[in-house]
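Everything on this sheet refers to the single structure shown next.
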Protein chains: 2
Amino acid sequence: MNKPGIPTLDDVAREAKVSTATVSRCLNSPDQVSTKTRDKILKVVKDLGYSPNFGAQALAAKRTNTFGAVVPTMNNAIFAAGLQAFQEELGRNDATLLLASSSYSLKVEEEQIRSLVARGADGLLLIGTQRSKDVYTFLDDRQIPYVIAWSYKDSKKQSCVGFDNFQASYELTLKAIELGHKKFAVISAHTSSNDRAKNRVRGIRKALEDRGFETNNLPCIECDYSIENGSLSFKELMGSPDRPTIIMCGNDVLAAGAVKQAHEMGLKIPDDISITGFDNIELATVIEPALTTVHVRHKRMGMLAAQVLLKQVDDKSYRENIKLDTWIVEGKSLAKPGPVS
Amino acid sequence: MNKPGIPTLDDVAREAKVSTATVSRCLNSPDQVSTKTRDKILKVVKDLGYSPNFGAQALAAKRTNTFGAVVPTMNNAIFAAGLQAFQEELGRNDATLLLASSSYSLKVEEEQIRSLVARGADGLLLIGTQRSKDVYTFLDDRQIPYVIAWSYKDSKKQSCVGFDNFQASYELTLKAIELGHKKFAVISAHTSSNDRAKNRVRGIRKALEDRGFETNNLPCIECDYSIENGSLSFKELMGSPDRPTIIMCGNDVLAAGAVKQAHEMGLKIPDDISITGFDNIELATVIEPALTTVHVRHKRMGMLAAQVLLKQVDDKSYRENIKLDTWIVEGKSLAKPGPVS
DNA sequence: TTTTTGCATGTAAGCGCTTACATTTTTCAT
DNA sequence: ATGAAAAATGTAAGCGCTTACATGCAAAAA
């Protein structure tokens, strides 16, 4: 009754006539084993089709080579490129990715984080800085390495691989001001639980204030990221008696929705209205006109995040703060405002 | 030296003055435990911040509540919606998702599958039917449940939740023929390792043949799915002396690239050239003109796949084949061919 | 009251692996 | 050839949990 099961380390040991310890060593640190026995063991491993039992390995070795990531959404491509790069870098190091998405809810995110940790994640990739103190305490107590991505924060206690959302947004706004725009409006993700969105809006406000604009009544709609919402928000903003000449969007997805709606309303971009995005995902390049947006080095971010995380696993006290540069990508959706319409 | 560690089942048991078995039962099948002790235990669990050790649990219970998925890519949104739905449905059942991507390589996919299984995945979501026999044998030997998505296949041995790529493509082609198109060209993903792409192309060919077209020299470019490749292929096809009047693309991403390139070449869609897509991802709706494409019920597919998979875990002999309907979404990118240019 | 039944709990044997430590074998300087 | 150091291998104790089985105890049946 023992034959048709999945082979275990014991089976291999017996078949190869060595102890289980030797088999284990042969698999985990081959150079501690003589070439002769190694070959013998590897042959048996192959013959039997042995592959280690994950649970047992995790239990005994106290690590899983599995990393978790909680992203706000998988529904649009914002995180896709970064995640893919993250995953590939993990793969290069024989680790795999456990993925969860939180639908932009801090509460759900917290659950997901706990669940990933409970599943033995050796480390976590988290998006943005904003979450309850409890979460950080939880992770610190268990000494779970994590790295924060998509946001930059100078900190000795936490690693991050991000970029300056505030600054990038600030610069884009300055550019718009220099082109002569006077009436601004903003479509943003909800800022209450999203530090990136918050900083992007802050960047816009600061730039305006620095150039003497009054920002108290800056029209600003907050919604979930989706093309649909971009369209709706655009419609609403353009329905105002005092139409803006430029609408700055929290990301490319919203901007794409805005552009779409502009077409439907028969508005010419950028003659009738300028629109800007953020992220420079592929979407930004295929819509007409191409978006003026902020390029974010998603792939690099994902890859570096994985590297930092892996270092932290080896050295629990290792920390690194990496700030990636961003730059404005000139599309055709931002130009100086046309004559008053 | 025992205090500052992570609490274990033993700690809980000791603190609550019951046996470990009772604690375990309390957590896994609460109704086997009296209300009184249950409350007592749960309080201790909370106080101690106990959370079960994954490896130990997996080892003892022989299941992980973790499911794996290997998608060809995360770089574009083709699989995003389906995966998100899959993940959400798993979440509703206290399971999580292990994700890997294969970059459309069968070899990489096989590795990923083995790796996911080694990591204790209770079941797998696989995209499409095309993979080596060994993989299926491997999975069957270990009795790992899996469900095939994105493709439909009538089979008593395998579960699938998919749609008829061939038929959908066939119908779209018929529609184009009826509009009067005579010169077809195709941009497809590589068909050698991708049954969906293969069937979509087959659908086109069959429709053409059924209507008396010669398909031996149907221009057909195969490339990886990307906007860039869509553009390049489009350029190549339109560089031919005998320009097609319609280019049918294997999916929306390629079509978006084609559309982009058409704009750059100053070609009007659909007057100068018709373009069709496949998948009806959001991208299809924001480009100008909106794509005529095939709607695929991605979300539903993801959700159903999760449900089937969960059923298979409970009952290893359960199998189900679900074919979802698809339909043509009328955009503005397909119309009758203009006068000979 | 005594016996039966069934629920609540405890006991303890693993699950398959890693690794500290012990033991044996090989290598090599003397 | 000899002994010490180094290398290879073996022994066995867990890792933290689940669960079959045994036990205890109160309610139901006789």
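No experiment lies behind these values; they were computed from the predicted model shown. Sequence lines set the chain letters: A, B, ... in the order given, protein chains first and strands last, and positions in each chain run from 1.
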For this session: Measure the acute angle between the ring planes of A:W150 and A:H298, then classify it against the limits of 30° and 60° as parallel, tilted or perpendicular.
Result: tilted
Exercise. Is atom NZ of B:K46 surrounded by more than 12 heavy atoms (other residues, nucleotides or ligands) closer than 6.0 Å?
Worked result: no
Exercise. Do other residues, nucleotides or ligands put more than 12 heavy atoms under 6.0 Å from B:K311 NZ?
Worked result: yes
For this session: Give me the residues of residues 50-65 of chain B where at least one heavy atom lies under 4.0 Å from an atom of DNA chain C, by number, or none.
Result: B:L59, B:A60, B:K62
Separation of atom [atom1] in [X] from atom [atom2] in [N], rounded to whole Å:
X: A:D10; N: C:dC15; atom1: CG; atom2: P; answer: 9 Å
X: B:D31; N: C:dA8; atom1: CG; atom2: P; answer: 9 Å
X: B:N28; N: D:dT19; atom1: CG; atom2: P; answer: 7 Å
X: B:Q32; N: D:dA20; atom1: CD; atom2: C1'; answer: 12 Å
X: B:R14; N: D:dG16; atom1: CZ; atom2: C1'; answer: 12 Å
X: A:R25; N: D:dA8; atom1: CZ; atom2: C1'; answer: 8 Å
X: A:I41; N: D:dG10; atom1: CD1; atom2: C1'; answer: 12 Å
X: B:L9; N: D:dC15; atom1: CG; atom2: C1'; answer: 13 Å

For this session: Using the closest heavy atom to pick a nucleotide of DNA chain D for each, name whichever of A:S34 or A:T20 lands nearer the 5' end.
Result: A:S34
Exercise. Does B:D31 offer a backbone N or O that forms a donor-acceptor pair with the side chain of B:R25 under 3.5 Å?
Worked result: no
Is the phosphate of [N], meaning OP1 or OP2, less than 4.0 Å from a side-chain N or O of [X]?
X: A:T22; N: D:dA8; answer: no
X: B:T37; N: C:dA8; answer: no
X: B:S24; N: D:dC17; answer: no

Problem set entry | Given DNA chain C, 5'-ward residue of the pair B:V18 and A:T8, judged by closest heavy atom | B:V18
For this session: Assess whether salt bridge (Lys or Arg N to Asp or Glu O under 4.0 Å) is satisfied between B:D47 and B:K43, documenting all intermediate values.
Result: CA-CA 6 Å; B:D47 288 352; B:K43 182 176 182 321; 2.7 Å; yes
Exercise. Within 45° of the ring axis of B:F163 and under 6.0 Å from its six-membered ring centre, is that where the NZ or CZ of B:R297 lies?
Worked result: no
Exercise. Among D:dT18, D:dT9, C:dG10, which is the nearest nucleotide to the side chain of B:S19?
Worked result: C:dG10
Exercise. Does some side-chain heavy atom of B:L304 sit less than 4.5 Å from a side-chain heavy atom of B:L324?
Worked result: yes
